[in-house]
Amino acid sequence: MNLLQEIQRLSSEIISADQLEKMLAKSAASGEALRVKFGIDPTFTDVHLGHAVPIRLLRLFQKHGHLPVLIIGDGTARLGDPTGRNDQRPPLTVEDVERNAATYLEQIGTIVDLSEGKCEVRRNSEWFGAMDFFDCLKLASSSTAARLLERDDFKKRMKENLPVHLHEMMYPLMQGLDSVQVRADVELGGNDQLFNLHMGRQMQERADQRPQVCITTPLLLGTDGRKMSKSYGNHVGLNADAADMYGKVMSLSDDGMEDWFRLATDFNDEEIATLLAGHPREAKDKLAQTIVSGIHSEEAAKAAAVAFVAQFRKKEVPDDIPLKTVDASSYSLPVLMKNVGLGQSTSEARRLIQGGGVRINGDVVNDVKHKVEVIAGEEPFLIQAGKRRFVNVQAN
RNA sequence: GGGGAGAUACCUAAGUGGCCAACAGGGAUGGACUGUAAAUCCAUUGGCUCAGCCUUCAGAGGUUCGAAUCCUCUUCUCCCCA
C-alpha cells in the first residue's frame, strides 16, 4: 500500500485526492516536506480516542517525512467551535486555556513526535491577538452570510429556530485564517470539520496561496454506537488509566469493532478480517489490549486484561480498592455511602440500596435504615456499589 | 422600532387554579440474563434527620385559602412587519 492509499484508508473525504497525489509526488521529488495542519481548541481537558483518529493520520504523514503543524486554538477557544448546543459556554480564562493546552500536548505526544524539527506547534492567539476591530471587519468581509449559513450546523439550527450568534459565524473564518497564516499544504480534521476546512482553501486562494488539500477522517463512534462524547460517557479518554481504558473498550458494541480496529489500531485489513471472524469476545480483548498497549504499555495492558477477567468474569474483588476513613461513629448506610463518595446524595445511595446494588463485605444489604458502626482500631470493611465501585472504609 | 409566539426536571415533551416532585418517551443508574456486546424483562431517576418534611416549572414581585398554571415587570429565544 502506498502512502496515498494508506491516507485514503483512514479518511472519509479528500479534497481533492488528485491534488494530494501531485503534492506528494512533488514533495518526494524535491525532498520538501508538506505542511500538514491540524488544529485543536483547548476548550476542555479530555482528549479521547475519537480525537485521536486525525492525530493518527497526522502521525502517518509525519512517519513519511512531512511536517505536522499543530495549531493550539487559544484564540478560537475564546468562542469555541459552534456545535449546535445552545448552552452558553462560559468564557475560558487564560489559565484554563494554558492548562488545557498543556494537557492536550501531553496526550497528543503519545501519538505524534512533538520534538523540535519534527513538528511545528503554533498558537493562533499569535495572530488573532494582534488584530484590531478593523482587521476583524476585513476578516468578516472575506465571506458572505449565505455562504456561512450553508454550514450544516447553522442550517440545522436556523431550521429549528435555534439561535445562531454572529460570533459563531466567525469561527470558520478564524480557522481559515489559521491556514493562511501557517501556509498549510494539507489540513486534517474530523468529519464535521469539512466546512471549516473548505473555508481555509477559499481564504488561501484569496491570499494568493496554493489552496490546501482538505482531509476529513471518519467519526469514531462511542462504545454504545452513538457519537463519541464525554457527555454520553461512551468515550475512551487518552488519559484514562490502563484498567479503565481496557474496560471501556470491552464495553464497546460488537458492531463498532471493525471501525475501531481500522481507526484506532495499526492492524491491516486482512488481520482485522481474521480477528473479526473469531469469537467477538476474543477480538475485543485483542482490540482493548492493543489500544491500551499503544497508550500505556504492553505490560499494563496485560495486567488490565487479567484484572478485568478476575473482576468481571469471576466476580472477584479487585486488588486496589481505595481506602476511605471516616470518624468512628454509628452511621446510617446512605449517609456513610455519601461520605465515602459512593453517590452524590443520600437519596442516590438510598436508591442504590433499594435496588439491591449495595454490598457490605460481599453481602447484599437492601435495608435503607441499616446502621453501620465504624469503630476505631478495627480492620477496614468493604462497601460495593454496583458492579464496579468499591471502597474500603475504616475509622480514622 | 412595531406585532405575535415561547422559556417546565439531564434531553425531548405533557400539564392552563387544588388529584403536581409534576404524564410520556429518551438517556442514565441499579437488578435479572450475559461476553461490563446486542436484545429482552424489572426497579429507580429533586433534596433531607425519609410512613414525614423541605426546595423546584426562566428571574423578581402580585392576586388567591391554594399557582407550573392568573396578573405586572425583567431577562433570553424564535417568527412576521419596518
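Treat the numbers as computed from the prediction; the structure is a model and nothing was measured.
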K.L.:
Does a side-chain N or O from A:Arg281 land closer than 4.0 Å to OP1 or OP2 of B:U36, or not?
P.N.:
yes
K.L.:
Quick check on RNA chain B: between A:Lys338 and A:Val164, whose nearest nucleotide comes earlier from the 5' end?
P.N.:
A:Lys338
K.L.:
Do other residues, nucleotides or ligands put more than 12 heavy atoms under 6.0 Å from A:Gln344 CD?
P.N.:
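Open: at most 12 neighbouring heavy atoms sit under 6.0 Å from CD of A:Gln344.
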K.L.:
Can you tell me the pairing partner of B:A22 across any strand shown, Watson-Crick or G-U wobble, with both distances under 3.5 angstrom?
P.N.:
none
K.L.:
Return the nucleotide paired to B:U77: Watson-Crick means purine N1 to pyrimidine N3 with N6-O4 or O6-N4, wobble means G-U with N1-O2 and O6-N3, both under 3.5 Å.
P.N.:
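With both distances under 3.5 Å, B:U77 matches B:A5.
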K.L.:
Can you list the steps and then say if A:His66 with A:Leu3 is a side chain to side chain contact (heavy atoms under 4.5 Å, CB included)?
P.N.:
CA-CA 12 Å; A:His66 299 291; A:Leu3 178 57; 4.2 Å; yes
K.L.:
Check the distance between B:G30's P and A:Leu333's CG and give it to me in whole angstrom.
P.N.:
16 Å
K.L.:
When rounded to the nearest Å, what value does the distance between P atoms of B:A14 and B:U64 take?
P.N.:
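My reading of the P atoms in B:A14 and B:U64 gives 32 Å.
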K.L.:
Roughly, in whole Å, what's the span from CG in A:Asp224 to P in B:A28?
P.N.:
6 Å
K.L.:
With both distances kept under 3.5 Å, what pairs with B:G66, Watson-Crick or G-U wobble?
P.N.:
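Matched B:G66 with nothing under the 3.5 Å cut-off.
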K.L.:
Only counting residues at least two apart or in another chain, list the ones meeting salt bridge (charged side-chain N to carboxylate O under 4.0 Å, His left out) with A:Arg206.
P.N.:
none
K.L.:
CE of A:Met257 versus P of B:A37: gap in Å, rounded?
P.N.:
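In whole Å, B:A37 P lies 12 Å from A:Met257 CE.
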K.L.:
Report the base-pairing partner of B:G27 (Watson-Crick or G-U wobble, both distances below 3.5 angstrom), or none.
P.N.:
B:U45
K.L.:
Among residues 291-329 of chain A, which ones have heavy-atom contacts with RNA chain B below 4.0 Å?
P.N.:
A:Phe308, A:Phe312, A:Arg313
K.L.:
I'd like to know whether A:Met337 forms a side chain to side chain contact (heavy atoms under 4.5 Å, CB included) with A:Tyr331, so could you lay out the CA-CA distance, the side-chain angles of the two residues, the decisive distance to 0.1 Å, and finally the verdict.
P.N.:
CA-CA 9 Å; A:Met337 284 174 65; A:Tyr331 293 90; over 6 Å; no
K.L.:
Compare side-chain N and O positions of A:Arg351 against OP1 and OP2 of B:G47 and report whether any pair is under 4.0 Å apart.
P.N.:
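For B:G47, OP1 or OP2 has a side-chain N or O of A:Arg351 closer than 4.0 Å.
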K.L.:
Mind checking if A:Gly356 touches a base, just sugar-phosphate, or nothing, with heavy atoms under 4.0 Å?
P.N.:
sugar-phosphate
K.L.:
B:C50 and B:C42: how far apart are their C1' atoms, nearest whole angstrom?
P.N.:
24 Å
K.L.:
Which base sits across from B:G61 as a Watson-Crick or G-U pair, both distances under 3.5 Å?
P.N.:
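Base partner found: B:C71.
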K.L.:
Which sits closer to the 5' end of RNA chain B, A:Arg226 or A:Gly247, going by the nucleotide each is nearest to?
P.N.:
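Result of the comparison: A:Arg226.
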K.L.:
May I ask you to decide whether A:Asp259 forms a salt bridge with A:Arg262, counting only side-chain N to carboxylate O separations under 4.0 Å?
P.N.:
yes
K.L.:
Whole-Å distance between B:A43 C1' and A:Glu348 CD?
P.N.:
15 Å
K.L.:
Using the P atoms only, state how far B:A9 lies from B:U69, rounded to an integer number of Å.
P.N.:
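Roughly 14 Å separates the two P atoms.
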K.L.:
Taking the side chain of A:Ser251 as its heavy atoms from C-beta onward, which of B:G46, B:G35, B:U36 lies nearest to it?
P.N.:
B:U36
K.L.:
Between A:Ser345 and B:G46, does any side-chain N or O lie under 4.0 Å from OP1 or OP2?
P.N.:
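False: A:Ser345 side-chain N/O out of range (4.0 Å or more) of B:G46 OP1/OP2.
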K.L.:
Please work out if A:Thr346 contacts a base, only the sugar-phosphate, or nothing of the nucleic acid, heavy-atom cut-off 4.0 Å.
P.N.:
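Result for A:Thr346 = base.
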K.L.:
Any chance you could lay out the side chain to side chain contact (heavy atoms under 4.5 Å, CB included) test for A:Leu219 and A:Met228, step after step, and finish with the verdict?
P.N.:
CA-CA 8 Å; A:Leu219 219 55; A:Met228 187 180 284; over 6 Å; no
K.L.:
Pick base, sugar-phosphate or nothing for A:Arg359, based on heavy-atom distances below 4.0 Å to the nucleic acid.
P.N.:
nothing
K.L.:
Both distances below 3.5 Å, Watson-Crick or wobble geometry, any strand: find the nucleotide opposite B:U56.
P.N.:
none
K.L.:
Does B:U16 pair with anything, Watson-Crick or G-U wobble, both distances under 3.5 Å, and if so, with which nucleotide?
P.N.:
none
K.L.:
Ignoring the backbone of A:Lys369, work out which of B:C48, B:G35, B:A51 is nearest its side chain.
P.N.:
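Of the candidates, B:A51 comes closest.
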K.L.:
Rounding to a whole Å, what distance do you find between A:Asn366:CG and B:G30:P?
P.N.:
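Answer to the nearest Å: 17 Å.
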K.L.:
Is a side-chain donor-acceptor pair under 3.5 Å present for A:Glu126 with A:Gln181?
P.N.:
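A:Glu126 and A:Gln181 do not have a side-chain donor-acceptor pair below 3.5 Å.
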K.L.:
In whole angstroms, how far is the P atom of B:G52 from the CZ atom of A:Arg350?
P.N.:
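Going from A:Arg350 (CZ) to B:G52 (P), I get 13 Å.
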K.L.:
If we take the P atom in both B:G26 and B:C78, what is their distance in whole Å?
P.N.:
31 Å
K.L.:
Distance check, C1' atoms only: B:C19 and B:G4, in whole angstrom units.
P.N.:
35 Å
K.L.:
Salt bridge or not between A:Arg157 and A:Asp153? Use side-chain N to carboxylate O under 4.0 Å.
P.N.:
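Result for this pair is yes, salt bridge flagged.
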K.L.:
Which nucleotide, in any strand shown, forms a Watson-Crick or G-U wobble pair with B:U34, with both distances under 3.5 Å?
P.N.:
none
K.L.:
I'd like to know if A:Asp285 reaches the base of B:G35 with its side chain, counting only an N/O donor and acceptor under 3.5 Å.
P.N.:
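Side chain to base: no pair present.
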K.L.:
Out of B:U49, B:C50, B:U29, which has the shortest distance to the side chain of A:Leu352?
P.N.:
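Within the option list, the nearest is B:U29.
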K.L.:
Rounded to whole angstrom units, what separation is found between the CG atom of A:Asn234 and the P atom of B:U29?
P.N.:
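Atom-to-atom, A:Asn234 to B:U29, this comes out as 11 Å.
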K.L.:
How far does the C1' atom of B:G66 sit from the matching atom of B:G3, given to the nearest Å?
P.N.:
36 Å
K.L.:
Hey, can you tell me if A:Phe308 and A:Phe312 have their rings parallel, tilted or perpendicular (30° and 60° cut-offs)?
P.N.:
tilted
K.L.:
Return yes if a side-chain donor-acceptor contact under 3.5 Å exists between A:Glu187 and A:Gln175, otherwise no.
P.N.:
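Per modelled atom types, A:Glu187 and A:Gln175 side chains form a pair under 3.5 Å.
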K.L.:
How many whole angstroms separate atom CZ of A:Phe390 from atom C1' of B:G30?
P.N.:
14 Å
